[in-house]
Amino acid sequence: MKSSRLLPLRALTLAALSLSPLTPAFAENSPVVGTDAEKAAFAASLPVEQAVLTAAPHVPPPITRKFPARVVVNLEVREVVKKLADGVDYTFWTFGGEVPGLFIRVREGDLVEFHLHNHPSSKLPHNIDLHAVTGPGGGASSSFTAPGHSSTFSFQALNPGLYVYHCATAPVPIHVANGMYGLILVEPREGLRPVNREYYVMQGEFYTSGKFGEEGLQNFDTEKAVDERPPYVVFNGSVGSLVGDKAPVAKVGESVRLYVGNGGPNLISSFHVIGEIFDRVYTEGGTRANQDNVQTTLVPAGGSAMVEFFLEAPGTYILVDHSLFRAFNKGALGMLKVEGPKNPIVYSGKEVDEVYLGQQSDAGSQASQREAVLVAKKEEAIAANPKIAAISQEIRMERGKKTYLSSCFACHGQDGKGIPAVFPPLAASDYLKADKDRAIRVILKGLTGPVTVNGKTYNSAMPPQDLTDDQVADVLTYVNNSWGNTFGTVTVEDVKRVRGEK
Ligand SMILES: [Cu+2]
């Protein structure tokens with residue numbers, strides 16, 4: 001913190017309050033020491049603004065305000081199952097449903113009114129420790145929030161810089177290891193140097209019970225975490241999050257600033273962009289560009305860096321943790337795609353992604369093809385095994401029943417008998433039995449106009465049902481095989497085919 005801001009300004013503040021509380025001049029000289037009442041008056045004197053929060057790799061727009069505001073941040077904690085890699089799922093604990101958590105951007109001197117919401121579906125309490133906070137715990141104890149509750153606290157962003165925030169609920173390392181971190185940028189009063197593009201990249205490791213690439217929902221492995229042996233080291237929460245279509249883009253002749261964070265919980269990142277040199281680095285996320293012409297910058301666990309570079313030549317630039325097995329074997333690899341005219345003087349042309357990734361991507365695609373064949377074989381084997389088939393059918397029926405009870409039951413009734421003259425029956429329905437595809441269409445698109453079921457005409461309307469392909473297959477399989485119906489199974493492939501119809 002800056003010592004100049006420690007002067008007690010209470011007298012000045014009170015004088016200003018009684019005058020014109022909204023003048024920016026007053027607000028810039030906000031109180032450093034004050035009572036609750038003075039704090040409330042200070043808060044009331046500031047213009048209020050809702051913070052724009054963005055999911056990586058996006059960054060909220062630069063702040064153009066020349067005076068402080070009361071910035072309201074609403075951040076929701078959610079525990080969600082998401083993709084960690086192709087075929088690999090993980091239960092992430094998140095700030096805003098994303099790993100890393102949503103990017104927060106405020107200005108030096110802002111009063112940040114923080115609302116932390118913990119979604120009712122969460123299993124655990126969570127909180128937030130923002131490294132941008134001056135105060136014990138960085139907000140942690142004020143924001144401890146049980147599932148289905150919200151906490152509010154406020155802090156003044158005294159020090160500009162790029163800060164990590166994270167959950168600090170015990171056991172803290174597990175909350176962080178499950179994805180509970182993100183970045184908050186406190187822009188200096190005078191703003192940052194203007195650039196054409198800004199992106200948000202944050203590294204973190206995941207300690208899965210399975211090896212890298214082992215399919216299915218993975219559990220957290222405490223032993224690997226304690227030993228610092230992560231199967232995954234990734235940017236932005238998953239392998240491939242910044243690759244291919246998802247790669248951030250820029251153009252030749254543009255300047256780029258990357259806000260690089262490292263959630264850890266254990267490893268230090270040797271952040272490097274293959275094919276670029278950082279013109280400027282703000283080491284450790286401080287506000288002074290303290291080094292020019294840097295190849296690789298260290299980003300500590302629980303720390304950050306800002307790097308800026310100008311793009312002279314088109315092509316694909318590869319973002320890595322230069323601890324290279326992490327990049328090529330554990331996922332810490334992203335891309336920046338730069339379009340524009342060739343610049344043969346600066347670079348002759350052969351593209352870096354072919355040089356570096358060619359063999360790997362060939363091997364990768366061969367492996368993918370082989371894998372697809374094997375997965376198909378596995379499915380065949382499963383389908384041919386009557387015992388597994390019977391269990392799968394039972395699972396489908398139970399899932400279908402759940403969907404039925406939440407989506408259909410209100411109209412068609414628990415016993416599928418419907419209501420005479422209003423809702424047609426599904427039990428023993430000749431209409432349902434006659435045409436499987438038509439039944440799928442009814443669910444996807446709804447049904448209106450006269451329809452005859454078991455000799456009786458209904459002329460009403462069924463709204464389209466907003467269900468996934470799986471849910472449609474499950475619910476129709478359930479309906480087709482309940483209440484005495486034996487109308488056969490509906491598969492996901494059936495639903496996909498019908499959904500694809502013109
Ligand atoms: Cu937590």
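What you see is a predicted model, and the numbers here were worked out from it, not measured in a lab. Atoms within a ligand are numbered from 1 in the order they appear, just like the ligands themselves.
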Notebook entry, point to check: According to the ring pair (Phe, Tyr, Trp, His ring centres under 6.0 Å) rule, which pairs have a member within residues 71-112, sequence neighbours left out?
Noted result: Tyr90-Phe92, Tyr90-Phe206, Phe92-Phe206, Trp93-His126, Trp93-His175, Phe95-Tyr165, Phe103-Tyr200, Phe103-Tyr259

Item checked: Sub-4.5 Å side-chain heavy-atom contact between Asn159 and Val186 -> no

Next item on the list: Check the Cu ion (ligand 1) and write out every protein N, O or S atom at under 2.8 Å, as residue and atom.
Entry: His126 ND1, Cys167 SG, His175 ND1, Met180 SD

Notebook entry, point to check: Which residues pass the side-chain contact (heavy atoms from CB on, under 4.5 Å) test with Pro464, sequence neighbours left out?
Noted result: none

Checklist line | side-chain contact (heavy atoms from CB on, under 4.5 Å) involving Tyr404 - partner list, sequence neighbours excluded | finding: Cys408, Phe409, His412, Leu426, Val475, Tyr478, Val479, Trp483

Notebook entry, point to check: If you measure only the distance, is there a donor-acceptor pair under 3.5 Å linking the side chains of Asn196 and Ser255?
Noted result: yes

Next item on the list: Could you tell me whether His149 and His117 have their ring centroids closer than 6.0 angstrom?
Entry: no

